[in-house]
Structure formats: C-alpha cells, structure tokens
*Asks:* 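Here it is, the structure in full.
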There are 2 protein chains.
Amino acid sequence: MLTIGQLAAYAGVTVRAVRHYHQIGLLPEPERDASGYRSYGAQAAVLLIKIRTLAEAGVPLGRIAWMLDADEPAFAEAIEGIDAHLRAEIDRLEGSRKQVAQLSAGNSLVLPPQVVAYIDRLREIGVSERMLAGERDGWILVSARWPDKVVEWIPDKFAQLEDPRVVRLYQVLSALTETEGTDDPLVMEAVDLLVELACIRDRSSTTPRTSRTRCRTRCSTILPTPSTTGPSGCAT
Amino acid sequence: MLTIGQLAAYAGVTVRAVRHYHQIGLLPEPERDASGYRSYGAQAAVLLIKIRTLAEAGVPLGRIAWMLDADEPAFAEAIEGIDAHLRAEIDRLEGSRKQVAQLSAGNSLVLPPQVVAYIDRLREIGVSERMLAGERDGWILVSARWPDKVVEWIPDKFAQLEDPRVVRLYQVLSALTETEGTDDPLVMEAVDLLVELACIRDRSSTTPRTSRTRCRTRCSTILPTPSTTGPSGCAT
DNA sequence: GCTTGACCCTGACGCAGCGTCAAGCCTCGA
DNA sequence: TCGAGGCTTGACGCTGCGTCAGGGTCAAGC
C-alpha cells in the first residue's frame, strides 16, 4: 500500500492536488492506517493517473468527475470533445504566437489592414510621422465606432489621393506640423487648397478658382471639421 | 472619444476586463465626461489591444505591466520568452492529445512500457484477465515505490518465463482463479509446482524432486508471499 | 413629457485549482 | 534514540475576471 506522497509522486501530481481531489469528491477517500495516514491501493493510482491526464488536457474537474461515472459511449464522446478542444487551443496558441510576433515587430495590430494600407500610402506621399500618428489615432476612433463602415470608406479615401491637389494639401499640412512658425507661406497655400477643395465639394465639383477673400470667409466655417483630410481632422 | 463599451468591443475584451485593468493599474484611468462616464482616446485602444494580445498569450497581467514600461531590448527579450513559452505550451498540448487518445484506447498509461510488455507476455501464455488485473495492480504498487528498480527486475521476470514449469504454474493458478472449487486436482499441481520451484531457489537450484509431504510443510510458510509469482502474490 | 431599453457607475462576493503557511503527530534510517 | 522528513487538518492567498446588487444616464419612440 502507498502513502499519499508515494501515490502523488507516482501519478506525477502534488500531494496537495490529491487532497484537493478528495475534498471535492473526485477521488474517493481511502482507508487509513493505524496512525491515520491515508493508505492507497493500485486502483487509486489508476484513477489518479486518469484524472491527471484529463486535468492536464484542460478538462475542468467537475467534468472529469462526470466522465468517470459515465458509460463507455458517453466517455468516448467526451474524449472526442476534449480532443477537439485541444486542437482548437493549439490553433489559438499558434495564432497568438503570430500576434505577439507582430507586436514585437512594432506593428500595432490595432487597425484593419485596409486602413494600414491607406496610412502606408500617405507615408509614401511624404506625410510626416507626426501627422500619420494623428491619422492613425483618428482612424482608430472611427473604426471603434463604425467598424464595418470603415471598410466602405477606405476606397473613397484612396480615390481622393488621385487628385494631386489633395496630395499637395497633405504634404503642406504635414510640413506645417513639422515647423514651428504659423505665418509661413505654406499656410497660405494650405488655405488655398482647402478652399478650392471645399468649394468643389460644395458646388458639385465644377467651379474654377475663386477669389481668395470670398472663399476664405466661407471656409472658415468648414475648417473645424474638414472631412477631406481624414478622420482626425487636421491632426494639429 | 469612446465609451468603455465601445473601447472594449473594439479591443475584443469585456467591459469587466477593462475595469479590472484599471483597478490593478495596468491601464490608466481616463478622463470622465460630465456624467461620470469614462471617455477613452485612441491611445487607450492601442494600449488595450497590446494588453489583450499579451494576456491571450498567457502572460500574467503583472508581467504585462512590467513589459509596458520596459525599454526596447527588455521588451524584445520578454517577447522571445513568451514565444518560447507558447511553443512549449503547444508541445505540451500535443502530448496531452496523445495521452488522452491512449486513455480512450483503454490503455491505462499507468505502467512503464516494459511492465506492459511483460503483462502482455503473460496474456499470450494464457493467463486469465482476472489474474492479469492482479498482476497489473501489484506492479503498480511496486512501480510506485521503487520506480527505477522495476526496470531492472523486468528482465529477470521475462527470464523466469523461459522455464516451462513457471509458465505452467501461471496457467494453473490462472485456471484456479477462474473456477470456484478449491479441491480441484489443479490445486495439487499448483502446490507441486510451487514446492518444486521454491525448493530450487532455496537449495541453490540443484535439488531433484522431494517428497510431497516434507516440502509441503516448508512451502506453507512461503505461500503468503511467493516471490516467484510476481509482485501481487497469487492475486487471490 | 414619459417610458423603455441599453448603457454606465461602484462595490462586493464567487470561482477553479491548487500553493503555502501553521502547528502538531508519525516514521524511518543512522 | 534522535533528527529529518512525511503525514494530518484547517485556513488563507492567488489570478483573472464573471456576476449580482443597486443604482444613474442617454437616445428613441409615443
């Protein structure tokens, strides 16, 4: 006969675990010897190893108890379920490995790939990292609120970049975020471009250059949320 | 700005988890709006997704906190550790799948393969399942107490089976466990064989047949633990 | 204006599966 | 015979949230 320590060592579990199994009724309490020590036979070892095997496979102890007094077909079915669960878990961990690798690669995993592609496109155009960060933050907020809309919008955003004036606007705004001064001639150019693009949208896309002063007053009302420049506004 | 529900949904975690991360200081508490609701920005989403990614990889939250304010090389090293851990975990689960499959195959996984081979050999010889069960139980107890000795003993046990009288003894005892009666002629044969084999061991292996009566008295003292028949005694 | 349902808030307890003391008795090898 | 190590019960601790209680808030429809 075996003591609890011998049993536990043989089954590859801790003494504490065995006692826990007793407590919850998973493993029946054995006879005690004269001094009150638990005294185990071979059946207990067989049972305990079964329990350990299932527990290591992630089966909750309650379910193990259920399995142990289930009939043969039910047991086999349970085993099938456990195997499926193990396979799923392995797949999940494989996925997790990839995610974690992305994380260390500096990729933030935070945006859908289409948006990432769009931001990469902006980077190619020459947009500053500061402004890109703003873009990204804006897209995150937008994606969080309208997850499925974003995928629809991105093609339009790509299309806008076909217009060289939009590209130029991004470049100018980008340059502005890099420099400290505000009375730069770039500011004028930016305003011009904004006005022009805003007016196009307003008047159904067919209005040539308007006088600077007239449009500036109109555009000042538009500036707070210039939807042409992306979700984050101007990222100032 | 996002509410806690929007943030949680975007990051793929529960609201409760986000609050928990606040509680333990893993995610900083954001500003509140007029009504006391938490109001999150994009940075929080980035951070939360980082946290979720690591948490799903099995990294304890305390360690995640540590990682989040570690420098670049330390972070990279931690990621390497996490990946190693994930690989190990995947391997463990693969192993677990095999073990569980064994379990459903009826294999009890409880004995070292050498012992299993020995018991299979006994089965070939024609030993009854009842007696095999006894053998197995005995070996389990022995293996539990002297795990490394067992591997040494098994070759001897195999060698004993070379002797046709030992084989016959097993068969006879086996037949006895199957039948109910005790005054069977098989009993006499079993005793004869036991006596003979026991005497051989006693007198250094060179004593011919002794008279039945003389040996029987001697053997009766040996019967309780006849070491020739395996660890479980006679498995009565 | 009022209701309704979906959110949000804090605070607290609960859960698995043991680890880890504490404080005392038992066993075994030297 | 003695000291180290093993056994006993009992109890609290840990992680990572789930879940309930008992409220306030917001947006929409009637």
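Both backbone and side-chain heavy atoms feed into the values below; hydrogens, waters and symmetry mates do not. Chain letters run A, B, ... following the sequence lines, proteins first, then strands; residues in each count from 1.
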*Asks:* Do any of residues 59-68 of chain B sit with a heavy atom less than 4.0 Å from DNA chain D, and if so which?
*Replies:* P60(B), L61(B)

*Asks:* Please step through side-chain contact (heavy atoms from CB on, under 4.5 Å) for the pair Y170(B) and L161(B), ending with a clear verdict.
*Replies:* CA-CA 9 Å; Y170(B) 269 110; L161(B) 292 184; 3.9 Å; yes

*Asks:* Starting at the 5' end of DNA chain D and moving along, which residue's nearest nucleotide shows up first, E29(A) or Y21(B)?
*Replies:* E29(A)

*Asks:* Could you tell me the separation between the CG atom of L109(A) and the CZ atom of R52(B), rounded to the nearest 0.5 Å?
*Replies:* 7.5 Å

*Asks:* For nucleotides 21-30 of chain C, read 5' to 3', which letter fits each nucleotide if B means a protein heavy atom sits under 4.0 Å from the base, S means only the sugar-phosphate is that close, and - means neither?
*Replies:* -----BS---

*Asks:* Could you list all the salt bridge (charged side-chain N to carboxylate O under 4.0 Å, His left out) pairs where at least one residue sits in residues 107-121 of chain B, not counting sequence neighbours?
*Replies:* D120(B)-R123(B), R121(B)-E124(B)

*Asks:* To the nearest 0.5 angstrom, please state how far the NZ atom of K98(B) sits from the CD atom of Q102(B).
*Replies:* 10.0 Å

*Asks:* What nucleic acid atoms does I24(B) come within less than 4.0 Å of, heavy atoms only: base, sugar-phosphate, or nothing?
*Replies:* nothing

*Asks:* Testing the basics here: between A57(B) and V100(A), what is the closest heavy-atom pair and its distance to 0.1 Å?
*Replies:* CB-CG2, 3.7 Å

*Asks:* For the pair made of CZ in R38(B) and C1' in dC7(C), what is the distance, rounded to whole Å?
*Replies:* 13 Å

*Asks:* From CZ of R19(A) over to C1' of dG17(C), roughly how many Å is that when rounded to an integer?
*Replies:* 15 Å

*Asks:* So which of residues 40-58 of chain A are in contact with DNA chain C, with a heavy-atom cut-off of under 4.0 Å?
*Replies:* none

*Asks:* Any heavy-atom pair between the side chains of V59(A) and W66(A) that's under 4.5 Å?
*Replies:* no

*Asks:* Once rounded to the nearest 0.5 Å, what's the spacing between atom CZ of R92(A) and atom NE2 of H85(A)?
*Replies:* 8.5 Å

*Asks:* Specify the closest pair of heavy atoms between H22(B) and L27(B), including all atoms of both residues, with the distance to one decimal.
*Replies:* ND1-O, 2.9 Å

*Asks:* What is the separation between atom NE2 on H20(B) and atom C1' on dC9(C), rounded to the nearest whole Å?
*Replies:* 18 Å

*Asks:* If you take all heavy atoms of L47(A) and P28(A), which pair is closest and at what distance?
*Replies:* CD2-CD, 3.8 Å

*Asks:* Output the rounded distance in Å from NE2 (H22(A)) to P (dC7(D)).
*Replies:* 12 Å

*Asks:* If I take atom CG in residue L2(B) and atom P in nucleotide dC7(C), what distance separates them, rounded to the nearest angstrom?
*Replies:* 15 Å

*Asks:* Can you tell me the pairing partner of dA11(D) across any strand shown, Watson-Crick or G-U wobble, with both distances under 3.5 angstrom?
*Replies:* dT20(C)

*Asks:* Can you list, by residue number, the residues of residues 84-102 of chain B that have a non-hydrogen atom closer than 4.0 angstrom to DNA chain C?
*Replies:* none

*Asks:* Kindly give the heavy-atom pair with the smallest separation between L141(B) and A42(A), and that separation in Å.
*Replies:* CD2-N, 3.7 Å

*Asks:* Return the CG to CD1 distance between L68(B) and I51(B), rounded to the nearest 0.5 Å.
*Replies:* 5.5 Å

*Asks:* Taking all non-hydrogen atoms of both residues, which atom of T177(B) and which atom of R130(B) are closest, and how far apart?
*Replies:* O-NE, 3.3 Å

*Asks:* Check every atom of dT8(D), dC18(C), dC9(C) against the side chain of R32(B) and return the nucleotide holding the closest atom.
*Replies:* dC9(C)

*Asks:* Taking salt bridge (charged side-chain N to carboxylate O under 4.0 Å, His left out) as the cut-off, I'd like each qualifying pair that reaches into residues 61-81 of chain B, sequence neighbours left out, listed once.
*Replies:* E80(B)-R87(B)

*Asks:* Is any side-chain nitrogen or oxygen of T3(A) closer than 4.0 Å to OP1 or OP2 of dG6(D)?
*Replies:* no

*Asks:* Nearest heavy-atom pair of A55(B) and L61(B): which atoms, and what distance?
*Replies:* CB-CD2, 4.2 Å

*Asks:* Over how many whole Å does the gap from I4(B) atom CD1 to dT25(D) atom P extend?
*Replies:* 17 Å

